[in-house]
S.K.: 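My questions will all concern the structure given below.
Just so you know, these numbers come straight off a predicted model, no measurement behind them.
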Amino acid sequence: MASLLLYSLKSAFVLVLLYVPYQLMLRRESFFRFNRAMLLSILLLSLLLPMCNISWLSLDRQPVVHAAQIQLVELGVPVRMLPEMEFIGEARPAAAEGVSLFALLSTIYIIGMVFVLVKRLCQVWRLSRGVRLGTLWRQDEDGVHIFCHADDVSPFSWARNIVISQADYEQNGHEILLHEKGHIRAHHSWDVLLLTFVELVQWWNPLVYMLGISLRDVHEYEADNYVLSQGVSATGYQMLVIKKAVGSGSYAFANNFNHSLTKKRITMMCRKNKSKAWMRARALYVIPAAALALSAFATPKIVSPVEDAVNNLAGKVTEKSAISRISEGKKVGRPPVNLTGPMRIYVDGKEMTPQEAIMAVRGKKIKNGLSTNSDGSVNLSINTEVPDSIYQRPK
């Protein structure tokens with residue numbers, strides 16, 4: 001659960017980092033297909049970037065980042081997802097008593113995910129029933145299934161299905177069907193599915209719902225543009241949009257004709273000065289923003305000072321150091337150094353577990369020593385000092 005919550009936090013960080021500049025620079029531009037591609041890219045990157053680990057981009061060695069990691073560890077956040085340790089010749093350390101704040105948040109997060117998932121499944125079930133219940137007749141046209149209802153249902157489309165009432169079909173059927181076919185031709189239903197998946201991961205993040213509104217707005221702009229490109233009168237179509245804006249009853253998953261952004265839709269249709277092509281260059285902000293996210297998520301592929309100390313001083317252990325084997329949950333065999341008993345690690349005189357020692361010495365110079373006891377146990381003592389290159393006293 002902790003891993004999933006960490007992934008959600010990272011995913012939300014990427015989405016905020018990429019969506020806020022979009023809102024400031026691109027949302028009012030009239031290149032609808034490009035804006036839609038931008039929003040879908042933001043959704044995809046928010047899912048993919050948290051899983052990437054490019055070590056050379058890591059900020060992990062920076063003192064500020066290191067201090068933040070220590071604070072997270074104190075709160076119970078698993079900054080380093082290491083395997084469970086196994087100590088040589090010793091019983092496993094007892095689990096920490098009580099429930100950490102992070103564990104509590106993880107539980108709440110899972111409950112929220114389940115709630116959102118159940119809600120979305122109910123909406124899908126309601127949508128599937130709404131397509132077929134009350135149907136007067138069905139007609140297939142250009143690979144699209146048209147369901148005409150007797151009830152006063154708001155026109156909508158999902159996948160390759162269009163639902164329209166008998167009254168709308170008789171009065172404005174041509175324009176409404178063109179609009180819904182515009183949604184189908186652009187495969188907007190797939191966008192809604194991707195958005196739903198991100199909402200499931202980030203159900204607690206208000207910006208993901210704002211992005212959903214932006215995406216649905218762009219869908220309507222694209223569908224309106226398709227209608228006008230088919231030769232429909234702009235004035236008559238705008239009057240129809242205003243007339244249908246007062247309609248009620250819609251499905252959350254569907255693309256609805258009377259989507260409630262009438263003023264913005266008409267403004268876009270009446271806009272004479274289209275956005276200039278060079279404005280698309282603003283989208284290049286994604287490159288440094290994505291690099292920043294990757295730097296924040298990357299873990300450097302370096303040998304920890306504790307592990308390096310074991311390699312140097314107990315270096316007769318072949319293939320892997322004792323710490324490596326302990327970290328992988330494997331017992332260390334009998335090496336030439338006589339590590340027959342348990343190993344204890346001390347950092348500045350304080351006994352620590354391997355993962356605690358790794359955090360304690362990160363970013364510091366180490367001085368170490370190795371001693372064996374009569375019972376065959378080994379003490380690895382590490383004394384640390386702050387590197388002069390990082391912390392220098394002012395002259």
Side-chain angles (χ1 to χ4, degrees), residues 31-37 39-40 43 120-197 212-213 215-234 236-245 247-262 265-266 268-269:
F31 21 78
F32 311 133
R33 184 174 299 178
F34 181 81
N35 279 7
R36 177 192 173 202
L39 291 171
L40 294 178
L43 291 174
R120 293 291 182 257
L121 290 176
C122 290
Q123 289 173 343
V124 171
W125 176 76
R126 179 170 172 257
L127 175 63
S128 62
R129 289 181 72 249
V131 170
R132 292 173 174 79
L133 289 182
T135 302
L136 289 175
W137 51 264
R138 169 182 166 173
Q139 175 180 316
D140 293 341
E141 186 177 306
D142 299 328
V144 175
H145 312 302
I146 302 173
F147 295 86
C148 185
H149 282 215
D151 298 332
D152 184 20
V153 61
S154 298
F156 69 89
S157 60
W158 174 251
R160 303 195 68 81
N161 302 308
I162 297 176
V163 172
I164 187 173
S165 68
Q166 180 69 28
D168 284 333
Y169 184 82
E170 293 174 351
Q171 297 173 14
N172 308 104
H174 179 63
E175 293 84 356
I176 293 176
L177 290 178
L178 277 178
H179 179 91
E180 300 305 334
K181 287 179 181 178
H183 285 300
I184 293 173
R185 287 171 59 90
H187 306 289
H188 290 163
S189 298
W190 293 106
D191 299 7
V192 176
L193 287 177
L194 176 61
L195 173 65
T196 302
F197 186 76
I213 294 173
L215 184 61
R216 290 181 182 272
D217 288 353
V218 171
H219 286 175
E220 295 306 314
Y221 300 154
E222 277 195 301
D224 291 338
N225 193 54
Y226 175 75
V227 173
L228 298 180
S229 69
Q230 300 302 306
V232 174
S233 168
Y237 182 68
Q238 290 164 14
M239 292 300 298
L240 174 62
V241 170
I242 294 173
K243 175 184 174 182
K244 299 302 295 181
S248 61
S250 61
Y251 294 92
F253 264 62
N255 300 297
N256 296 280
F257 178 82
N258 55 344
H259 194 274
S260 57
L261 67 154
T262 308
R265 288 173 64 182
I266 293 177
M268 284 294 182
M269 283 188 274

S.K.: Does a side chain donor of either Q123 or R126 reach within less than 3.5 Å of an acceptor in the other side chain?
M.R.: no
S.K.: Check step by step if side-chain contact (heavy atoms from CB on, under 4.5 Å) holds for I213 and D217.
M.R.: CA-CA 6 Å; I213 294 173; D217 288 353; 3.9 Å; yes
S.K.: C148 and S165: which non-hydrogen atoms are nearest, and at how many Å?
M.R.: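 So the minimum-distance heavy-atom pair works out to SG-C, 4.0 Å.
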S.K.: Do R216 and V192 make a side-chain contact, defined as non-hydrogen atoms from C-beta onward lying under 4.5 Å apart?
M.R.: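 In contact.
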S.K.: Do H188 and D191 make a side-chain contact, defined as non-hydrogen atoms from C-beta onward lying under 4.5 Å apart?
M.R.: yes
S.K.: Is R36 reaching over with its side chain to a backbone N or O of A186, donor-acceptor style, under 3.5 angstrom?
M.R.: yes
S.K.: Can you confirm whether K181 sits close enough to Q230 that some side-chain heavy atom of one is under 4.5 Å from a side-chain heavy atom of the other?
M.R.: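 No - every pair of side-chain heavy atoms lies 4.5 Å or more apart.
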S.K.: Roughly how far apart are S157 OG and I164 CD1, rounded to 0.5 Å?
M.R.: 11.0 Å
S.K.: What do the steps show when you test H179 against V241 for side-chain contact (heavy atoms from CB on, under 4.5 Å), and what is the final call?
M.R.: CA-CA 11 Å; H179 179 91; V241 170; over 6 Å; no
S.K.: Distance check, rounded to the nearest 0.5 Å: D152 atom CG versus D168 atom CG?
M.R.: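 So the gap between those two atoms works out to 7.0 Å.
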S.K.: Counting only heavy atoms not in W137, do more than 12 fall under 6.0 Å of its CH2?
M.R.: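 Yes, enclosed.
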S.K.: Taking atom CG of N161 and atom CZ of R132, what is their separation to the nearest 0.5 Å?
M.R.: 6.5 Å
S.K.: Under the criterion side-chain hydrogen bond (donor to acceptor under 3.5 Å, both in side chains), I'd like the reasoning laid out for H183 against E222: C-alpha separation, chi angles, the key distance, then a yes or no.
M.R.: CA-CA 8 Å; H183 285 300; E222 277 195 301; over 6 Å; no
S.K.: For A159, does its backbone N or O pair with a side-chain atom of S189 as donor and acceptor, under 3.5 Å?
M.R.: yes
S.K.: Here's a test for you: under side chain to side chain contact (heavy atoms under 4.5 Å, CB included), which of I242, L178, N172, V227 qualifies with Y237?
M.R.: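 With Y237 as partner, side chain to side chain contact (heavy atoms under 4.5 Å, CB included) holds for just one option, V227.
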S.K.: So, do I176 and L240 sit near enough that their side-chain heavy atoms are less than 4.5 Å apart?
M.R.: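 Side chain of I176 against side chain of L240, heavy atoms only: contact under 4.5 Å found.
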S.K.: CG of N35 to OH of Y221: how many Å apart, nearest 0.5 Å?
M.R.: 9.5 Å
S.K.: How far does CD1 of I184 sit from CD1 of I162, to the nearest 0.5 angstrom?
M.R.: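 So the gap between those two atoms works out to 4.0 Å.
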S.K.: I need the T135 OG1 to Q166 CD distance, nearest 0.5 Å.
M.R.: 11.5 Å
S.K.: Would you say M268 and E220 make side-chain contact, with heavy atoms under 4.5 Å?
M.R.: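 Answer no - side chains too far apart.
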S.K.: Report the residue from V131, L127, L133 that forms a side chain to side chain contact (heavy atoms under 4.5 Å, CB included) with R129.
M.R.: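 Running side chain to side chain contact (heavy atoms under 4.5 Å, CB included) over V131, L127, L133 with R129 returns exactly one hit, L133.
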S.K.: With sequence neighbours left out, write down each residue that passes side-chain hydrogen bond (donor to acceptor under 3.5 Å, both in side chains) with D142, or none if nothing qualifies.
M.R.: none
